Visitor: 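Before we start, here is the structure in question, set down as C-alpha cells.
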Amino acid sequence: MAGLINNWLEQAEQQNSAEPAWLQNKRQQAFSQLESLQDPNRKLEFWRYADVGRLTQVIDAGTESRPESALPSGNEEHDLVVRITDSGFELSAQCPDWLVIKNINELDEELWADLSFDQETVVNLANVVLFDTGVCIEISKTAKPVSILIDYQFAESNKWQYLRNQIQLAEGVHAKITERLHSGRLNVVNLFQVANQTELLRMQDFILSSTEQLVSFNQFDLNSEASVTNMSQHLGGALQHHLHRVNFNGQQAKYTSGSINKSYNNNNIVDLIEVNHHHKNNQSEVTHRSIAKDKSQIFNNAKAMVAPGADQSEIEQDLKNILLSEDAKIFSKPELEVYADEVVAAHGSTIGALDEQSLFYLQSRGIAIEQAREIMIESFEQEAIVC
Amino acid sequence: MLKINDVYAKAGDKEILKGLSLEVKPGEVHAIMGPNGAGKSTLGNLLAGMPHVEATQGSVDFLGKDLLDLEPEERAAEGVFLAFQYPVEIPGVNNMYFLRTALNAQRKYRGEEPMDSAQFLRMVKQKIKDMNMRDDLLKRPVNVGFSGGEKKRNEVFQMGVLEPKLAILDETDSGLDIDALKIVSDGVNQLRSPDRSFIIITHYQRLLDHIEPDFVHVLADGKIVKSGTKKLALELEEQGYGWLNQ
Ligand SMILES: Nc1ncnc2c1ncn2[C@@H]1O[C@H](COP(=O)(O)OP(=O)(O)OP(=O)(O)O)[C@@H](O)[C@H]1O
Ligand SMILES: [Mg+2]
C-alpha cells in the first residue's frame with residue numbers, strides 16, 4: 001500500500017545503521033509505533049486546516065511575491081553560526097570550553113529524551129525513525145551569555161531533510177538561539193532542555209517559497225525559574241506545520257511566545273502552541289498575529305493545559321488575525337483545559353480585515369492606500385514581536 | 001478655491017446631503033453650524049473622500065480640479081485637510097513616523113524632494129514651539145490613549161505640519177478646555193493667510209470669538225438654509241434651531 005507511512009518505513013529500512021545499539025533500539029520502537037498508526041489526514045485536529053497532501057506533492061511555483069520579513073534583519077551579530085548542510089555541520093568559530101556542539105548521531109545515550117508522539121503527531125514521529133542530521137548543543141554552567149545561529153543550507157531543496165536538534169542549557173545560562181531556514185524542505189525536531197534560572201531567547205525564522213514545505217516539532221522543558229521567550233516568524237510555504245510543546249516541570253518559570261504568520265498565494269501555515277502547566281506558579285503568554293492573502297490559509301491555536309493542583313498558573317492567549325482577501329482563510333483557536341482551582345487566564349481571538357477607518361485616516365493625510373495597508377500590517381505585526 | 005455645486009450625497013444607504021452649494025474663496029473662513037444629524041460631518045467626509053460617502057449628483061471643484069474624482073490621498077496632496085470629529089487610534093504607529101510619512105508622500109505627489117529625518121525633526125520642533133503643543137504626544141502611537149482634547153490638538157498639530165490649502169475642522173472645539181481652545185484657535189490663526197481657507201464646523205459661537213469667520217452658514221437637513229456674518233452665530237446661540245421648523 002502506498003501512503004506516507006509506508007514511504008517513511010521503506011526509507012527507514014534503506015538507512016545504513018552504523019549507529020549504537022541503543023539508538024537503533026529507539027528507532028525500532030518508533031518504527032513499530034509508526035506501523036500501528038494511520039497516515040496523517042483531515043480528521044486529525046492538527047491537520048484539519050492544512051492540506052496534508054502537500055507533504056508529498058511538489059508544488060508549482062506560479063508567480064512569486066515573497067512577503068517581507070517582519071523581524072530585524074537576521075544578519076545581526078551571532079557569536080557562533082552552526083551551518084547545517086547535506087554533509088553534516090560547520091562552525092563559524094571554535095567553541096569555548098563551556099560549549100560543546102556535536103553531531104546528533106553522536107549523542108550520549110543518557111542525554112537522549114523520548115518524546116511523546118501519537119496519531120496527531122505522526123509526521124513528527126517519522127522524524128525519530130528518519131533523522132540523519134542535526135546537532136546536539138550543550139551549554140554548561142560557566143557559560144558567558146551567548147548567541148548562536150543554526151542556519152540550514154541544503155544543496156538539494158527538493159529532498160526532504162530529517163533533522164533533530166537537542167539543546168541542553170545548564171543552570172543560570174543566558175542564551176539566544178536562532179533557527180533559520182530561507183529555502184528547502186525540512187522535517188525538524190527541536191528539543192530544548194532549560195535548567196533552573198536559565199534564560200533562553202529562541203527565534204524561529206522560516207521564510208519559504210510557495211513550493212517548499214516544512215514541518216517542525218519543538219519541545220521546551222522548563223525547570224524552576226527558567227524563562228523562555230520564543231519568537232517565531234513563518235512566512236510563505238506550500239506547507240508550514242509547527243507545533244511548540246511547552247512543559248513546565250518546576251515552578252516560577254515563564255514562557256512567552258510571539259508568532260507572526262504570513263501567507264500568500266496558495267500557502268498553508270499551521271502554528272500550534274501547546275503549554276502544559278504540570279506544576280504550580282508558572283506563567284505563559286502566547287501571542288499570535290497572522291495575515292493571510294490571496295488564496296492562502298492559516299491555522300493558529302494556543303492551547304493551555306493546567307494539571308490538577310497546578311494552582312496560581314497564569315495564562316494569556318492573544319490571537320489576532322487579518323484577512324487580506326476574500327479567498328484567504330484563517331482558523332484561530334484559543335483553548336484552555338483547566339483541572340486546577342486557582343488559575344488566572346485570559347484569552348481572545350479575532351479575525352477581521354484591515355480597519356477601514358484607520359486606512360482612511362492615513363489616506364486622508366496623503367498616504368497612498370498600498371502604503372497605508374503596509375503601515376497597518378506592520379503595526380499589527382509589532383504586537384507579536386516579543387524580543 | 002472650493003466650489004460645491006448642488007451636491008446630493010449618501011452616507012451608506014442614506015441620503016444626507018440634498019442640494020448643497022457653497023463657495024469658498026482663498027483666505028476665507030467659513031463657519032458651518034447646524035443641528036445634530038444635519039449632515040455637517042458628512043460634508044467634511046465627502047470632501048476628504050471617506051469610503052461609503054458618495055455624491056449622487058452635483059459637483060465639487062477644488063482649484064480647478066474635480067475633487068470627487070480624486071483618491072483621498074490625492075486630495076490631501078492637493079491641499080485638502082480634514083480634522084476629524086472622531087480621530088481614530090492607530091496602535092503601533094508612531095506619531096512622528098506617521099507624520100513624516102504623510103508629509104513625504106504629499107511632497108512626492110507634488111514632485112518635491114522628501115524631507116530627511118533631521119530636517120523634519122527641526123521643522124516639527126519649531127511647530128511645537130509656535131503652536132504651543134506638547135511634544136510627548138508625538139512619541140506615542142497615533143492617538144492611542146489620548147484624551148478627547150489631546151486628540152483634537154493632535155489634529156490641529158497635523159494641520160500645522162502639513163500646511164493644507166483648505167482645512168476643514170469638524171467640531172475641533174468640542175471637548176476642549178479653555179486653555180486648549182485658545183491653543184487650537186491660535187494654531188488656526190497662525191495658519192491664516194491670503195491663500196489658505198478654512199471651513200469650521202462647530203456648535204458653539206465661543207470658538208468664533210477666537211477665530212473670526214468671514215461667513216457663518218446654517219446647515220440643516222442636508223443643505224445650507226441660511227448664511228450670514230458672525231452675527232448669525234450669536235443669534236443662533238440665543239435662539240437655537242427651533243425656527244427652522246416654522
Ligand atoms: N455611513 C452611514 N450610514 C448611514 N447613515 C449615516 C452614515 N454616516 C452618517 N449617517 C447619518 O447621517 C446623518 C448625518 O450625519 P452627520 O454625521 O453628517 O451629522 P452632523 O451634522 O455632523 O451631526 P453632529 O452635529 O451630531 O456631529 C445622521 O443621521 C447619521 O446617523
Ligand atoms: Mg458631525
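Quick caveat, the model's predicted, so the values are computed rather than measured.
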Visitor: As an exercise, state the distance from OG of A:Ser364 to CG of B:Asn45, rounded to the nearest 0.5 Å.
Guide: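 Answer for the OG-CG pair, A:Ser364 versus B:Asn45, is 9.5 Å.
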
Visitor: Taking only heavy atoms into account, what residues of residues 51-65 of chain B are found under 4.5 Å from chain A?
Guide: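 So the qualifying residues are B:Pro51, B:His52.
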
Visitor: Measure distances from A:Glu383 to the heavy atoms of chain B and classify the residue's part below 4.5 Å as side chain, backbone, both or neither.
Guide: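 Side chain only.
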
Visitor: Considering residues, nucleotides and ligands other than A:Lys295, do more than 12 of their heavy atoms fall under 6.0 Å from its NZ?
Guide: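 For A:Lys295, atom NZ is not crowded (no more than 12 foreign heavy atoms under 6.0 Å).
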
Visitor: Would you call the rings of B:Phe98 and A:Tyr361 parallel, tilted or perpendicular, taking 30° and 60° as the class edges?
Guide: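 Ring orientation of B:Phe98 relative to A:Tyr361: parallel.
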
Visitor: Spell out the residues in residues 151-172 of chain B that have some non-hydrogen atom less than 4.5 Å away from a non-hydrogen atom of chain A, in order of number; otherwise answer 'none'.
Guide: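 Checking residues 151-172 of chain B against chain A gives B:Glu155, B:Gln158, B:Leu162.
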
Visitor: Suppose a student defines contact as a heavy atom less than 4.5 Å from any heavy atom of chain A. Which residues in residues 135-150 of chain B would they list?
Guide: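 The list, in residue order, reads B:Val142, B:Asn143.
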
Visitor: At a 4.5 Å cut-off on heavy atoms, which part of A:Leu359 comes close to chain B: side chain, backbone, both, or neither?
Guide: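 Contact with chain B is absent: no heavy atom of A:Leu359 under 4.5 Å.
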
Visitor: Would you give the length of the straight line joining atom CD of B:Glu89 to atom OG of A:Ser358, rounded to the nearest 0.5 angstrom?
Guide: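 Reported value, rounded in 0.5 Å steps: 9.5 Å.
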
Visitor: Apply side-chain contact (heavy atoms from CB on, under 4.5 Å) to A:Ile375 and B:Tyr97, showing your working.
Guide: CA-CA 10 Å; A:Ile375 290 175; B:Tyr97 167 77; 4.2 Å; yes

Visitor: Strictly less than 4.5 Å between heavy atoms, which residues of residues 365-374 of chain A line up against chain B? Please order them by number.
Guide: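 Expected list: A:Arg365, A:Gly366, A:Ile367, A:Ala368, A:Ile369, A:Gln371.
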
